[in-house]
Structure formats: structure tokens, C-alpha cells
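Reading through the C-alpha cells given below for one structure.
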Amino acid sequence: MEPIDVAVIGGGQSGLATAHALLRRGLRLVVLEASDRAAGSWPHYYDSLTLFSPARYSSLPGMPFPGADRDRYPHRDEVVAYLAACADRLDAEIRTGCRVTAVRRTGDVFAVELEGGGRLFARAAVAASGTFGHPHRPALRGLREFTGQVLHAADYRSPAPFSGRRVVVVGAGNSAVQIAAELTETARVTLATRAPVKFVPQRILGRDLHFWTARTGLDTAPLGRLLLRPPAQPVLDDGRYRAALAAGRPDRRVVFTGADGAELVWSDGQREEVDAVVLATGYRPDLPYLAGLDGALDAGGNPRHREGLATGVPGLAFVGLEWQRSLSSNSLRGVGWDARRIARHLAAHLARR
């Protein structure tokens with residue numbers, strides 16, 4: 001079987017942006033999406049999730065985010081519908097229900113193995129599978145001994161199941177604060193963090209923050225290469241979350257130091273019975289299919305790359321990593337910049353062969 005030019009692994013925002021960029025380079029590609037639709041992780045986020053950026057700053061290349069109000073913050077379901085529309089408009093082969101289990105080198109091409117035994121061959125490959133499939137669960141002291149419910153934010157949908165319960169949310173980012181504040185409608189909630197929550201105002205001088213990051217060039221500045229690890233993201237706030245914490249809804253405490261059955265032990269020695277712990281502690285790159293490809297990942301399973309180009313595997317690239325190249329690399333508004341750059345480099349790589 002003649003190999004295609006590029007196999008794009010993942011059909012969410014990163015995969016769709018990459019496919020668009022590769023098509024503009026005249027390359028033959030296939031997008032492989034594990035789920036039943038090309039929307040990535042968006043259908044699986046919690047029900048009340050809204051974008052942190054306005055609609056005008058939340059578009060993939062080739063298709064503006066729809067709607068008359070360009071300054072609104074689109075809801076999760078709007079994003080799902082938007083990504084589906086983007087996929088429909090792409091003149092690309094998108095195979096849903098195709099989970100990639102391994103990528104291997106076979107001579108000069110990549111053999112992409114699929115769940116169920118299928119296989120395809122490509123001259124280049126792009127890992128655009130995101131992070132949602134790899135929730136980060138930190139080794140918090142006492143968590144293994146805790147007998148209450150423990151779930152990650154990836155499994156959280158709405159406050160309804162927690163009505164009347166005592167809940168601790170662990171984390172200091174946007175999702176942690178949003179989930180904790182939402183849960184206070186029906187539950188008694190503590191936000192447990194290692195340090196005070198850092199807030200950034202959503203609007204500055206009457207403009208959304210993203211207006212300023214775009215205008216100054218900060219959004220796409222190639223700062224990722226200077227970072228040893230992605231920095232913690234502050235909470236974007238229009239004032240309501242800071243006010244909620246100040247009012248003790250939720251209250252904030254330093255993260256617990258142990259557990260005894262259903263009780264958590266706080267840093268001051270206080271013991272308290274808790275029903276559930278929600279870990280809003282982020283995600284890591286979801287790349288198990290690259291574990292057998294020499295040079296693709298480091299010992300911790302993280303991609304070895306420079307601005308998305310694999311440093312040890314010619315023809316392999318990544319799109320959608322946090323701080324891959326810039327502040328906006330893993331967002332709707334910024335992934336297109338990285339996708340265009342990767343497409344340019346892969347086209348040049350294939351032309352030399």
C-alpha cells in the first residue's frame with residue numbers, strides 16, 4: 001500500500017488546525033480520531049464550561065467562530081458544534097472511531113497501528129491527541145488512605161450529584177476555581193491549594209485581556225523554548241471568583257496533609273469528615289502510542305521536541321502541547337499558528353526525501 005503523506009493523530013482542535021494547514025501545502029493526509037466525532041475533548045468537559053477567550057479570539061484557521069456577538073464567551077456545546085462544522089468544511093479524510101495504539105518506524109515510513117488490528121503507512125506523522133485522556137493525579141499525602149469519593153475534574157459534570165455533601169476541590173487554576181464556586185450552590189466546599197490563588201482581571205481598560213495579548217504580540221511570542229516547564233496559569237476573573245473566595249464560598253485552605261478513613265487532616269491538625277475530593281489538577285500529554293518509537297518521548301513520557309518538531313524522530317511532529325511555542329499554543333485561538341509552522345516544516349522535510 002502506498003503511504004499517505006501525513007497521518008494526523010487526533011481530530012480535535014489541534015488535529016483540525018493541522019489538517020487545514022497541511023491541505024494548504026498540498027499534502028495527502030488522514031485524520032485519525034478515537035471517538036465518534038471530530039470534536040476532541042470538548043464534549044467531555046463539565047456542563048457549565050465556557051471559553052476564557054471571547055468568540056472573536058477563538059477561531060481556527062479558515063472559519064471564524066459563528067454568532068453575532070463577537071465579545072461573548074462561547075459555551076462548551078457551542079465549541080463542540082463549531083468543531084464539527086470545521087470538520088465538515090475540511091476537504092480531508094477524517095476517520096472517527098480509529099484509536100491509534102502504536103506508531104513505529106518501518107524503513108522510511110511510519111506504521112500507524114489501530115485498535116482492532118488495522119494499520120496504515122505515512123511518510124510523516126503528527127501527534128495532535130491533546131491531554132484530556134491523561135488526567136494528572138498528584139500523589140497527595142493521605143489520598144490513598146482516604147475512603148471517600150475521589151474523582152478528577154475530567155469526570156466531573158455538574159453539582160447535582162454532590163448536593164448536601166462536603167467536598168474538597170484540589171487545584172488553583174481556572175477549572176478548579178470554577179468548579180469549586182459552582183459546587184457551593186449545592187454543597188459545602190473548600191478549595192485546597194498549595195499557595196494563594198493568583199487572579200488576572202478578565203478585562204483591562206474596558207477590553208478583554210485577549211485583546212491586549214493579541215495587540216502586544218504576547219499571545220504568539222515564541223517563549224516556550226525558554227521554559228523548562230509550563231508555568232502555572234492564573235485564574236482569569238471578572239471579579240466574581242475573587243469575591244466568592246473572599247466571602248468563603250468556597251473557603252480556601254492549604255491542601256490537606258493526610259487522611260484517616262473518611263477524614264482529611266488539615267495542616268493545622270484539624271480533622272474533618274469529607275464526602276468527596278475533586279482533583280482539578282490538570283493534564284499531561286496523552287501519547288501512549290509513541291512509547292515504542294525510539295527518541296519520541298523522554299523517560300517521563302513527555303514529548304522530546306523543539307517548538308513541536310520531534311528532536312529525535314525526523315518526520316514526527318506535535319501540535320497542541322501546552323506552551324509548545326507560545327502562550328496560546330494549546331488553545332483555539334493559537335493552535336493555528338503552530339499548525340502552519342509544523343505544516344511548513346513537514347512539507348520541506350517530505351520534499352527533501
*Can you measure from OH (Y45) to OG (S175) and round to the nearest 0.5 angstrom?*
8.0 Å

_Residues E33 and R95 bridged, charged N to O under 4.0 Å_ = no

_Any non-hydrogen side-chain atom of R333 less than 4.5 Å from a side-chain atom of L327?_
yes

_Using a 3.5 Å distance criterion without hydrogens, assess whether the side chain of R24 forms a donor-acceptor pair with backbone atoms of A21._
no

*Whether D298 side chain and G301 backbone form a donor-acceptor pair below 3.5 Å*: yes

*Salt bridge check: are E78 and R76 linked by an N-O gap of less than 4.0 Å?*
no

*Do other residues, nucleotides or ligands put more than 12 heavy atoms under 6.0 Å from the CG atom of D294?*
no

*asked:* Any carboxylate oxygen within less than 4.0 angstrom of a Lys/Arg side-chain nitrogen, looking at R253 and D251?
replied: yes

_Is it the case that atom CZ in R165 sees more than 12 heavy atoms from other parts of the structure closer than 6.0 Å?_
yes

*Cationic tip of R105 within the cone over F110's six-membered ring, i.e. under 6.0 Å and within 45° of the normal?*
yes

*Heavy atoms, side chains only, cut-off 4.5 Å: are F52 and Y73 in contact?*
no

*Before accepting this row, confirm whether a basic side-chain N of the pair R56/D71 lies closer than 4.0 Å to the acidic partner's carboxylate O.*
yes

*Measure centre to centre between the rings of H152 and Y283, then say whether the value is under 6.0 Å.*
yes

*Under 3.5 Å, side chain of T193 to main-chain N/O of A195, donor-acceptor pair present?*
yes

_Less than 4.5 Å apart, side chain to side chain, heavy atoms only: is that true for V168 and V189?_
no

*With rounding to the nearest 0.5 Å, note down the distance linking CG in D237 to CG in N174.*
9.0 Å

*Kindly indicate whether a cation-pi arrangement holds for R325 with W323, taking the cut-offs as under 6.0 Å to the six-membered ring centre and within 45° of the axis.*
no

*Using a strict 4.0 Å threshold on nitrogen-to-oxygen distance, state whether R137 and D155 make a salt bridge.*
yes

*With hydrophobic residues grouped by side-chain heavy-atom distances under 4.5 Å, do F65 and L60 end up in a single group?*
yes

*Roughly how far, to the nearest 0.5 Å, is CG of L209 from CD of Q202?*
7.0 Å

_Quick check against the 3.5 Å criterion: does R157 have a side-chain atom that pairs as donor or acceptor with the backbone of H44?_
yes

*Do E273 and R166 sit within salt-bridge range, that is, some charged N less than 4.0 Å from a carboxylate O?*
no

_Using ring centroids (six-membered ring only for Trp), state whether F146 and F256 fall under 6.0 Å._
no

*Atom CG in D238, atom CZ in R240: separation rounded to 0.5 Å?*
4.5 Å

*For E113, does its backbone N or O pair with a side-chain atom of T101 as donor and acceptor, under 3.5 Å?*
yes

*Can you check whether D47's main-chain N or O pairs, donor with acceptor, with H75's side chain at less than 3.5 Å?*
yes

*In terms of side-chain geometry, is the basic nitrogen of D108 or R123 positioned less than 4.0 Å from the acidic oxygen of its partner?*
no

